[in-house]
Protein chains: 2
Amino acid sequence: MEIQEALVDQVLIAIRKIIRAIDLHSRKLIKSCGLTVPQIIVLKEIEKSKAPTVGQIANSVSLSQATITNILTRLEHRGYVTRTQHDDDKRRVVVRTTEKGKEVIGQAPSLLHDKFISSFENLKDWEQLSLISSLQRVAWMMDAEDLEASPVLSPGAVMPIDPYKLELERSLQSNSSKNKEVK
Amino acid sequence: MEIQEALVDQVLIAIRKIIRAIDLHSRKLIKSCGLTVPQIIVLKEIEKSKAPTVGQIANSVSLSQATITNILTRLEHRGYVTRTQHDDDKRRVVVRTTEKGKEVIGQAPSLLHDKFISSFENLKDWEQLSLISSLQRVAWMMDAEDLEASPVLSPGAVMPIDPYKLELERSLQSNSSKNKEVK
DNA sequence: TGTAATTAATTAGAGTACTATATATTCTGC
DNA sequence: GCAGAATATATAGTACTCTAATTAATTACA
């Protein structure tokens, strides 16, 4: 029982270290390319799904609408995106990248530390898959809370892991359509 | 090569989902107990290491000193902690929990989702250890960047995993000294 | 048709987190 | 003892993120 608690603590500690590492990396990017990780993610999403609305971006990148509005305001001020009213539905705002915006994403660096990426690439295949599977599993276990009235988890039931295997396989099959930002 | 990039993307996506889940949970805590996760972490740390200075707290919880000052200001306003000048070295500020502060940590809920914790506890032992090992490994791989002139990573070298085994074992041995916040 | 409910985006307000800078204090070397 | 270096904390400024409330536009239904 106490061991369980110590282990759960370890989970939180490890996650907070990861969060901090990602945040620090994001701040370094500001100096090297003038954009933060969230800004690059949003810019890329706009490029990927041509001329999306604010809400669509929010759904795609899993952030609140208010956050996207916030980030877009900054990107717009720097001339990387434009906001125009939707023709049919005037409540909607259509977002597009400018030429300047396209240019800056083209040369945007990797969203994860170079050291992490090289370390990751040096792992054996099964180790890579195991890492990703673990991360996705944790993400899923945390996400479950929001699914009110989710499928019954009987006490003692083993966590389903299949969704992640599926997601992983899907990503492997569709990777040819991904943009290359990692050299 | 392209598969590698898709996998690295999967890592970032999974981590961002985890970050968001933790943030959302933290915001829910504000309603249930009036404190956020970082506030609880800081409060607990003050309790644990009796009367620490601001810098000591920052080191213990791996946040910048400015962030701790920020959080302490809020905790002080609500009467959960006090700040007093150190007797010998007047640059230092000694932080202590008030009675009100001790009370509120006593009834503070878990820092991770209940669903996550119950899911985690239902995992087999090796699955729990595997999850934690993966998280710690990711944290380590990301942290490595900050260690300028770190031990040479020859191209093709396998990532060392031992530091985490050690950390894990240490936590298992010392868990009896941990406070019980998870029922 | 016209009001009510819904939907889309923004605004307001708060918390976390950083870097860089300022301020106060202590230590060091002369 | 005192000027300059080092240390500890606080402040300023920025960005991300959320929820809740507002504004504007569309849809539904009576």
Side-chain angles (χ1 to χ4, degrees), chain A residues 15-32 34-43 52-59 61-78 81 83-95 111 146, chain B residues 16-43 52-59 61-78 81 83-95 111 146:
Chain A
I15 291 172
R16 291 190 66 85
K17 283 182 183 169
I18 294 171
I19 292 174
R20 190 170 195 226
I22 287 182
D23 184 45
L24 292 179
H25 181 248
S26 178
R27 284 167 207 274
K28 280 185 188 168
L29 287 194
I30 299 176
K31 287 181 189 157
S32 66
L35 294 171
T36 63
V37 166
Q39 288 170 358
I40 295 173
I41 289 175
V42 168
L43 260 184
T53 64
V54 176
Q56 282 164 4
I57 300 171
N59 285 333
V61 304
S62 289
L63 290 173
S64 77
Q65 212 172 29
T67 300
I68 301 300
T69 293
N70 194 359
I71 293 173
L72 286 180
T73 301
R74 254 179 287 277
L75 292 176
E76 195 181 26
H77 281 160
R78 296 188 207 169
V81 302
R83 280 194 268 206
T84 51
Q85 239 181 7
H86 194 277
D87 285 335
D88 299 341
D89 187 341
K90 283 169 189 162
R91 290 170 306 179
R92 299 190 202 180
V93 168
V94 176
V95 185
L111 295 178
D146 291 329
Chain B
R16 290 189 64 85
K17 282 183 185 170
I18 294 171
I19 292 174
R20 188 168 197 231
I22 287 182
D23 183 47
L24 293 178
H25 181 246
S26 177
R27 285 166 206 276
K28 280 186 188 166
L29 287 194
I30 299 176
K31 285 181 191 158
S32 67
C33 82
L35 293 171
T36 63
V37 167
Q39 287 170 359
I40 296 172
I41 289 174
V42 169
L43 260 184
T53 65
V54 177
Q56 283 165 3
I57 300 171
N59 286 332
V61 305
S62 287
L63 289 173
S64 77
Q65 172 262 318
T67 301
I68 300 301
T69 293
N70 196 0
I71 292 172
L72 286 179
T73 301
R74 252 178 285 277
L75 291 176
E76 193 181 27
H77 282 160
R78 295 187 208 169
V81 302
R83 280 195 268 206
T84 51
Q85 241 182 4
H86 194 276
D87 285 335
D88 299 340
D89 186 342
K90 282 169 189 162
R91 293 170 303 178
R92 300 190 201 178
V93 169
V94 176
V95 186
L111 295 179
D146 291 329

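Below, read A as the first sequence line, B as the second, and so on, with proteins coming before strands; counting in each chain starts at 1.
Considering A/L35, A/I41, A/L43 as possible partners of A/Q39, the one that fulfils the side-chain contact (heavy atoms from CB on, under 4.5 Å) test is A/L35.
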> Could you walk me through whether A/T69 and A/Q65 pass the side chain to side chain donor-acceptor pair (under 3.5 Å) check?
Replying inline: CA-CA 6 Å; A/T69 293; A/Q65 212 172 29; over 6 Å; no
>> Is there a side-chain contact (heavy atoms from CB on, under 4.5 Å) between B/V95 and B/Q56? Walk through the geometry before answering.
In response: CA-CA 10 Å; B/V95 186; B/Q56 283 165 3; over 6 Å; no
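Atom CD1 of B/I57 is separated from atom P of D/dA8 by 14 Å (rounded to the nearest Å). Straight-line distance from the CG atom of B/D87 to the C1' atom of C/dT25: 15 Å, rounded to whole Å. Straight-line distance from the NZ atom of B/K17 to the P atom of D/dT17: 16 Å, rounded to whole Å. Atom NE2 of B/H86 is separated from atom P of D/dT7 by 17 Å (rounded to the nearest Å). One atom, CG of B/D88, and another, C1' of D/dT7, lie 15 Å apart when rounded to the nearest Å.
When all heavy atoms of B/P38 and B/S26 are compared, the closest pair comes out as CD-OG, 4.0 Å.
In this structure, B/L111 CG and A/R16 CZ are separated by 8.5 Å, a value rounded to the nearest 0.5 Å.
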> Can you give one letter per nucleotide of nucleotides 6-21 of chain C, 5' to 3': B if a protein heavy atom sits under 4.0 Å from the base, S if only from the sugar-phosphate, - if neither?
Replying inline: -BSBBB---SBBBBS-
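When side chains are defined from C-beta on, B/L29 counts as touching B/H25, because their heavy atoms get closer than 4.5 Å.
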